[in-house]
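Let me begin by presenting the structure, written as structure tokens, before commenting on it.
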Amino acid sequence: MDGTTGITGTTDITGTTAQPRPRTRSWWGWGWADAHPADDACRAMGALLPGTLARPLPVPRIRDLRIGAPAAEAPPSLAHLVTADPEDRAAHAMGKAYRDIVRALRGQPGRIPDLVARPTDDREVADLLDWAGEQGIAVVPYGGGSSVTGGVEYRGNAHRAVLSLDLTAMGRVLEVDTAGRAARIQAGTLGPGLEDQLRPHGLTLRHFPQSFEFSTLGGWLATRAGGHYATGRTHIDDFVQSMNVVTPAGTSASWRLPASGAGPSPDRLFLGSEGALGVITEAWVRLQPRPVHKASASVAFADFHDALRAVQAVAQSDLAPANCRLLDAGEAGLAGAAQDGSAVLVLGFESADAPVAARLAQAVDLARAHGGRSGTAPAAGQDAPADAAVSAWRTAFLRMPYLRDGLARMGAVAETFETAATWDRIPALIEAVRSEVGAAALKATGHPATVNCRLTHVYPDGAAPYFTVLAAGRPGDEAAVWDELKAVASEVLHRHRATVTHHHAVGRDHRPHYDRQRPDPFALALRAAKGALDPRGILNPGVLVD
């Protein structure tokens with residue numbers, strides 16, 4: 001069977017542990033191969049978008065790809081770490097962005113790596129880098145492969161061979177400091193395995209990106225990933241005490257400290273470096289007790305701008321909700337959270353120590369003061385189960401990537417992008433993205449598009465809008481249509497001084513716009529760091545800096 005097979009005991013974002021069962025990862029699409037919509041479901045979704053295909057594209061098969069012989073061979077000393085298996089190579093050729101999905105559907109995955117390596121410790125990583133440097137082989141670090149910005153693929157032909165460095169054999173929690181609430185964890189540890197190993201200690205990292213099942217600690221660190229928390233510790237950066245990073249110039253091992261003012265932080269150099277400066281192999285990360293008390297509620301708004309003001313008020317209070325997501329009317333309709341044209345604010349609180357109903361009630365009152373309407377808030381001292389809108393949103397949140405792949409099989413454009421900006425820019429930014437991307441889609445396809453927005457993370461000084469685009473494609477040219485729309489969106493973000501990405505990383509897809517966003521002196525320093533740490537230019541070429 002195409003893909004990667006494993007025995008998994010998965011932990012979802014609610015903390016529920018499923019019974020272990022064998023499942024197969026999809027090599028071409030998101031997540032599990034058995035979770036993708038069937039053909040009939042694809043056709044039903046496509047019927048809702050004018051201009052899509054009459055029947056879904058077939059599920060691609062690795063055996064239909066043209067996979068040549070590898071252009072390099074590992075030396076005997078490393079051969080036990082390396083494979084040239086065609087299926088393994090194809091499964092490591094791309095990430096999981098929309099443009100990756102449609103390229104696979106069209107049998108055009110791009111440059112397939114020549115070899116896949118699975119080291120088990122720092123020494124083996126260093127040995128692989130030494131060999132690759134001597135041979136001029138590009139090394140692309142690979143965690144769970146969930147990149148949606150072209151971060152785990154090789155583009156171009158400057159290197160004679162490409163090695164995908166899969167770190168998932170380094171998947172252990174090595175130490176747990178219960179007194180200091182921290183753990184030393186190998187970078188290849190997938191989200192469910194990480195939480196399963198921490199659970200006996202009563203602790204949790206509580207970092208749950210949408211890719212949680214299919215991404216690793218090292219991938220989170222290398223991309224500065226955002227988690228499920230909407231306030232407070234929103235990014236993985238906030239959890240880091242220290243890191244080990246193997247580079248061609250040696251290993252960087254920072255001290256484990258609660259805080260330090262000793263010059264620029266070595267960890268900050270490698271956080272977000274996307275494997276271009278070194279390979280993150282392990283980290284000490286801050287933990288917290290597992291939450292016991294949880295409460296959630298939804299608040300509906302007839303006017304989206306009233307909802308924005310309500311979210312700003314909640315973000316600028318000291319309530320610190322774990323979840324504070326605002327769905328516009330279109331997004332609420334897609335999620336099943338509201339069908340009457342209302343925007344919906346999803347609020348959630350949790351604690352390991354005390355009931356959270358009072359904090360939830362205060363947040364709901366703030367939202368009501370700005371025009372929101374909601375059901376009855378929980379009584380003081382009592383936690384509240386999720387209401388219907390919250391449950392619908394959570395289900396849609398986990399299911400959406402699979403539905404996107406189903407729409408892609410119908411030739412539709414179905415993708416997301418995110419950003420962040422200060423509150424004074426948010427309303428105009430959202431309106432500009434909706435109107436300009438919508439107009440670009442109509443011009444590119446001849447059919448109107450849907451451009452929805454939700455706020456995924458909120459801060460006292462701003463928010464992170466997350467946009468969903470649904471449009472007809474051009475048969476056989478779907479990736480080009482998305483590239484056109486993404487270029488228009490990126491221009492809007494740049495004009496409004498909104499970041500090109502809040503938590504999806506730069507990769508190769510965002511690189512041109514990242515080059516415009518970063519200050520020139522910082523680009524100079526980054527190029528110097530790249531030259532010093534990776535003098536042969538083998539680490540993830542084309543990411544962040546040349």
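- Between atom CG of residue L221 and atom CD of residue E282 there is a gap of 11.5 Å, rounded to the nearest 0.5 Å.
- Residues Y459 and Q316 have side chains not in contact (no heavy-atom distance under 4.5 Å, counting atoms from C-beta outward).
- At distances below 3.5 Å, at least one donor-acceptor pair connects side-chain atoms of D100 with backbone N or O atoms of A97.
- Put simply, CG on L190 and CD on E213 are 9.5 Å apart, with the number rounded to the nearest 0.5 Å.
- Annotation: salt bridge (Lys or Arg N to Asp or Glu O under 4.0 Å) contacts involving residues 495-511, sequence neighbours excluded, comprise R155-D509, E436-R495, R511-D515, R511-D546.
- The nearest pair of heavy atoms linking H513 to V500 is CB-CG2, 3.6 Å.
- A side-chain donor-acceptor contact under 3.5 Å links D534 to the backbone of I538.
- Under the rule for a side chain to side chain contact (heavy atoms under 4.5 Å, CB included), the partners of T422 that lie at least two apart in sequence or sit in another chain are D424, R425.
- Looking only at distances, a side-chain donor or acceptor of S351 sits under 3.5 Å from a matching main-chain atom of A354.
- Between L165 and L128, the closest side-chain pair of non-hydrogen atoms falls below 4.5 Å.
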- Query: Please walk me through it: do I280 and N244 pass side-chain contact (heavy atoms from CB on, under 4.5 Å)?
  - Reply: CA-CA 6 Å; I280 300 169; N244 271 26; over 6 Å; no

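- Remark: the H494 side chain and the R516 side chain contain an N/O donor-acceptor pair separated by less than 3.5 Å.
- E274 places a side-chain N or O within 3.5 Å of a backbone atom of G507 that can act as its donor or acceptor partner.
- For R404, there are no side-chain hydrogen bond (donor to acceptor under 3.5 Å, both in side chains) partners at least two apart in sequence or on another chain.
- The closest side-chain heavy-atom distance from L319 to L366 is below 4.5 Å.
- Judged by the 6.0 Å and 45° rule, R23 forms no cation-pi pair with F214.
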- Apply the test side chain to side chain donor-acceptor pair (under 3.5 Å) to residues R368 and S374: give CA-CA distance (whole Å), side-chain angles for both, the deciding distance (0.1 Å), then the verdict. CA-CA 8 Å; R368 285 173 174 165; S374 70; 2.9 Å; yes

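- Within the 4.5 Å cutoff, no side-chain heavy atoms of F417 are placed close to those of Y98.
- Closest approach of P266 to S254, counting heavy atoms only: CG-CB, 4.0 Å.
- Between H228 and F397, the ring planes lie tilted relative to each other; the angle falls in the 30° to 60° range.
- In this structure, Q186 contributes its side chain and R172 its backbone to a donor-acceptor pair below 3.5 Å.
- Under the rule for a salt bridge (Lys or Arg N to Asp or Glu O under 4.0 Å), K486 has no partner lying at least two apart in sequence or in another chain.
- With no hydrogens or angles considered, a side-chain donor-acceptor pair links W220 and S215 at under 3.5 Å.
- At least one donor-acceptor pair closer than 3.5 Å links the side chain of H235 to the backbone N or O of H502.
- Residue Y229 comes nearest to R206 through the heavy atom pair CE1-O, 3.4 Å, listed as atom of the first residue, atom of the second, then distance.
- Side chain to side chain, T168 and D166 meet the donor-acceptor criterion of an N or O pair below 3.5 Å.
- Residues I236 and L205 meet the side-chain proximity criterion, which asks for heavy atoms closer than 4.5 Å.
- A perpendicular orientation is assigned to the rings of F212 and F208, their planes being inclined by more than 60° (bins at 30° and 60°).
- Judged by distance alone, with hydrogens and angles left aside, the side-chain atoms of T501 form a donor-acceptor pair with the main-chain N or O of A505 at under 3.5 Å.
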- Task: Check step by step if side chain to side chain donor-acceptor pair (under 3.5 Å) holds for E350 and H293.
- Result: CA-CA 5 Å; E350 62 180 43; H293 304 277; over 6 Å; no

- Audit row: V311, L345, side-chain contact (heavy atoms from CB on, under 4.5 Å) steps and yes/no: CA-CA 8 Å; V311 174; L345 171 60; 3.8 Å; yes

- T416 and Y466: side chain to side chain donor-acceptor pair (under 3.5 Å), yes or no, with the steps? CA-CA 7 Å; T416 62; Y466 196 113; 3.2 Å; yes

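- L203 contributes atom CG, which lies 9.5 Å from atom CD of E195 (distance to the nearest 0.5 angstrom).
- Of all heavy-atom pairs spanning L455 and P465, the tightest one is CD2-CA, 3.8 Å.
- Judged by distance alone, with hydrogens and angles left aside, the side-chain atoms of K530 form no donor-acceptor pair with the main-chain N or O of L277 at under 3.5 Å.
- With T281 contributing its side chain and V245 its backbone, the two residues share no donor-acceptor pair below 3.5 Å.
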- V492 vs V437, side-chain contact (heavy atoms from CB on, under 4.5 Å): CA-CA, chis, key distance, verdict: CA-CA 9 Å; V492 175; V437 173; 5.5 Å; no

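- Atom CG of N452 and atom CG of L334 lie 5.5 Å apart (nearest 0.5 Å).
- E431 contributes no side-chain N or O that, together with a main-chain N or O of P427, makes up a donor-acceptor pair within less than 3.5 Å.
- When the side chain to side chain contact (heavy atoms under 4.5 Å, CB included) test is applied to Q241, the partners found at least two apart in sequence or on another chain are A182, R256, W284, R286.
- In this structure, V152 and M94 have side chains that are not in contact, with every pair of non-hydrogen atoms separated by 4.5 Å or more.
- For H510, there are no ring-ring contact (aromatic ring centres under 6.0 Å, His included) partners at least two apart in sequence or on another chain.
- You'll find the side chain of L360 reaches within 4.5 Å of the side chain of L347, heavy atoms only.
- Using modelled atom types, one finds no donor on one side chain facing an acceptor on the other under 3.5 Å when comparing S147 with Y142.
- The CZ atom of R290 sits 4.5 Å away from the CZ atom of R199 when rounded to the nearest 0.5 Å.
- By the 4.5 Å heavy-atom criterion applied to side chains, R184 and V173 are not counted as neighbours.
- The nearest pair of heavy atoms linking E331 to C453 is CB-O, 3.9 Å.
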- Message: For Y402 and D405: C-alpha separation, side-chain torsions, deciding distance, then whether side-chain contact (heavy atoms from CB on, under 4.5 Å) applies.
- Response: CA-CA 5 Å; Y402 294 102; D405 293 357; 5.5 Å; no

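- Going from atom CG of L493 over to atom OG1 of T499 covers 8.0 Å, rounded to the nearest 0.5 Å.
- Scanning all heavy atoms of the two residues, the minimum distance from A498 to L429 falls at CB-CD2, 3.9 Å.
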